[in-house]
Every structure is written in structure tokens, then in C-alpha cells.
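Contents: one structure, followed by commentary.
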Amino acid sequence: MKIKTHFSPENTFLNGQCFRWNKKGDYFEGIVDARLLRVEKKSEYLIIEGLDEKELPRMQHYLGFEEGLKEKERQIAQIDSVMEAAVFHGKGMHLLRQDPFETLISFIISSNNHISRIKGLVEKLAVNYGQEIDQGYYSFPGAQALARASIEDLRALGLGYRDKYVLDGAKQVAQGKVDLASLYSLNTSLGIKELEKIKGVGKKVASCVLLFAFGKGDSFPVDTWIKKALTTHYPEEISKYPDVDTFLSEYFGKEAGLAQQYLFHYMRTGRKE
DNA sequence: GTCCAGGGTCAAG
DNA sequence: CTTGACCATGGA
């Protein structure tokens with residue numbers, strides 16, 4: 001499978017939106033919906049291994065292919081000099097549309113945690129509660145499977161105090177108390193409210209789930225790195241608005257979520273001061 | 001050894 | 001409504 005695109009695996013898989021993609025030499029390896037995939041960029045072409053042709057549309061949807069993405073990139077770069085640098089650093093970034101439950105649990109784990117460690121914990125959940133789909137490769141468990149875990153076992157994996165939050169999320173989804181599929185038809189603020197019914201899920205975690213799984217492009221997660229960006233680059237701009245949320249939605253515009261991801265990736269890996 | 005991380009909860013003011 | 005201690009863990 002071969003697609004001509006300016007998609008950047010580096011800036012898409014290693015920007016902190018997903019935790020089950022790894023760079024192996026010159027290709028990237030990831031597990032998507034119980035399937036092991038290998039992706040390589042060769043000049044203008046993206047080569048995907050492990051995929052039938054009939055599954056290409058679904059994969060393109062997962063990979064965040066959409067009309068006008070390049071235009072969005074240019075639009076964001078025109079916001080100011082910081083965003084211009086951020087877009088230059090993250091060229092070819094896509095927002096993925098990941099599995100909702102996996103994204104929910106992953107970002108419950110993410111709170112007050114390092115990305116490298118989040119990846120390790122997500123992997124442990126897959127190994128212990130998922131299914132082996134290839135030698136040494138495991139799918140992420142569904143809600144029912146994960147809901148059967150005990151607090152003690154989860155704690156033993158190294159989840160820390162988030163063990164009970166992970167279990168609450170799995171149980172509420174498994175029991176239908178939280179209907180993830182219903183979130184597709186809710187707007188961002190209602191979606192945040194619904195997700196906050198789960199313990200350990202606040203505004204930031206909910207925003208990540210809506211942006212990285214449900215494609216809610218106006219969702220703008222504010223974490224420690226974004227807070228740092230706001231205080232270093234935008235203190236005087238923010239003061240022109242009644243509050244920070246108004247600033248975020250009005251200043252960064254319709255594609256605020258994508259702008260946020262460029263900014264996050266830039267703050268974490270791209271700045272040289 | 002210290003600092004910190006894609007934060008959230010809970011109690012106190 | 002806002003503030004701050006506290007929370008487990010291990011990579012840097």
C-alpha cells in the first residue's frame with residue numbers, strides 16, 4: 001500500500017497523541033485495532049505494510065487524512081511567529097482518530113506522568129489484559145476485559161494512584177454508564193461533561209480524548225507544556241481577553257486543536273533558546 | 001539525590 | 001468559586 005502525501009510519521013506518531021507507535025530503524029511500528037502495522041515514509045510516499053486494499057479508507061481515516069489539511073497548516077503558521085516556528089518544526093503532523101476506549105484509558109494514565117512512562121504502562125495493560133495478535137505484540141484490551149482486573153493487580157503494574165481511575169473508566173464503559181459512541185454526536189463542551197463522569201478524568205484528559213479519538217478539532221487540551229507556552233509567549237495577548245478560554249478559542253481559531261498540538265510538540269521537542 | 005511529568009481530587013478558605 | 005496539599009512512580 002502506497003500513498004503520495006506530505007504526512008510525517010515522525011511528527012504524527014511521536015508527538016504525544018498516541019502511545020503504541022515506535023520507531024524501528026527507518027520505519028514505524030504500531031498496533032491499531034488489534035492489528036500490527038508498519039509504516040515507512042520514502043520521499044513523497046507513505047508505505048503501509050499489513051493492510052488489505054479494502055481497508056485503506058478506514059486506515060486513512062485513522063491516520064487523519066482529510067481535505068484541506070495543508071491549508072490548515074498554513075493558516076496556523078500565519079497566526080504569529082511562535083506558531084510559524086511550531087508548524088515548521090512539526091510539518092506533516094496529522095491528528096489521529098484513535099480508538100475511544102484505548103484513548104480514554106491512556107490519557108487517564110497520562111495525568112502527572114511522563115510520556116515514556118505512559119507508553120510503558122499502556123503496553124503493560126495490553127500484555128496483561130489484551131490478546132496476542134502476533135509474536136510479542138498485544139492488542140489493547142476492551143472495556144469488558146479490563147473491567148475484570150483487580151485494583152491490586154493494576155497497582156502491581158505500576159499505575160500508582162491512577163489504578164482506581166483506570167478501573168472506574170473500564171467499568172463505567174463496560175456497564176454502559178458512559179456511552180463512548182454517543183460522544184461523536186455531542187459538541188466539545190458536552191463531551192467533556194460526559195467524560196468527567198469518570199473518576200480521574202478532568203477537563204484536560206477529556207479534551208485529549210475528544211481531540212485524539214473523536215476528531216473534535218476545537219478541543220484544546222491545556223497541560224503543563226501548554227501552560228508554559230502561554231506564560232512565556234502570550235501573557236500580554238491573554239490579558240486582552242476576558243479569560244484564558246476565550247483567548248484560546250478566539251486567538252487560535254477554528255483549528256485550535258491542531259494548533260495546540262503543533263505548539264505542544266514544539267515546546268517539548270523543538271525549542272532552542 | 002532531586003526534579004518533574006499531556007492532572008485530578010478533595011478539603012479548606 | 002478559587003487555592004493548595006496530596007497523590008505513586010520512575011525516567012531524566
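Source: prediction; values computed, not measured. Here is the naming used below: chain letters follow the sequence lines, and residue numbers restart at 1 for every chain.
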Atom-pair distance (CZ on A:Phe264; C1' on B:dG7), nearest Å: 13 Å
Reading 5' to 3' through nucleotides 7-12 of chain C, protein heavy-atom contacts under 4.0 Å coded B for base, S for sugar-phosphate only, - for none: BBBBB-
Sugar-phosphate, base or nothing in reach of A:Phe107, heavy atoms under 4.0 Å: base
Donor-acceptor side-chain pairing of A:Ser150 and A:Asp153 below 3.5 angstrom: yes
Whole-Å distance separating the CH2 atom of A:Trp225 from the C1' atom of B:dC3: 12 Å
Nucleotide B:dC4, atom C1' - distance to CG of A:Asp223 in whole Å: 13 Å
Output field: ring centroids A:Tyr251/A:Tyr234 closer than 6.0 Å: yes
For nucleotides 10-13 of chain B, give me every protein contact, N/O to N/O, under 3.5 Å, one pair per line with atom names.
none

Residue closer to the 5' end of DNA chain B, A:Glu196 versus A:Ser110 (nearest nucleotide): A:Ser110
Touch class at under 4.0 angstrom, heavy-atom based, for A:Phe19 against every strand present: nothing
Ring centre gap for A:Phe247 and A:Phe252 strictly below 6.0 Å: yes
Test item: side-chain donor near acceptor, A:Glu49 and A:Tyr27, under 3.5 Å: no
Sugar-phosphate only, base, or nothing, as touched by A:Val222 at under 4.0 Å among non-hydrogen atoms: nothing
Review item, side-chain donor-acceptor pairs of residues 199-213 of chain A, under 3.5 Å, at least two apart:
residue, atom, partner, partner atom, Å
A:Lys203, NZ, A:Asp245, OD1, 3.4
A:Lys203, NZ, A:Asp245, OD2, 3.0
A:Ser207, OG, A:Lys203, O, 2.7

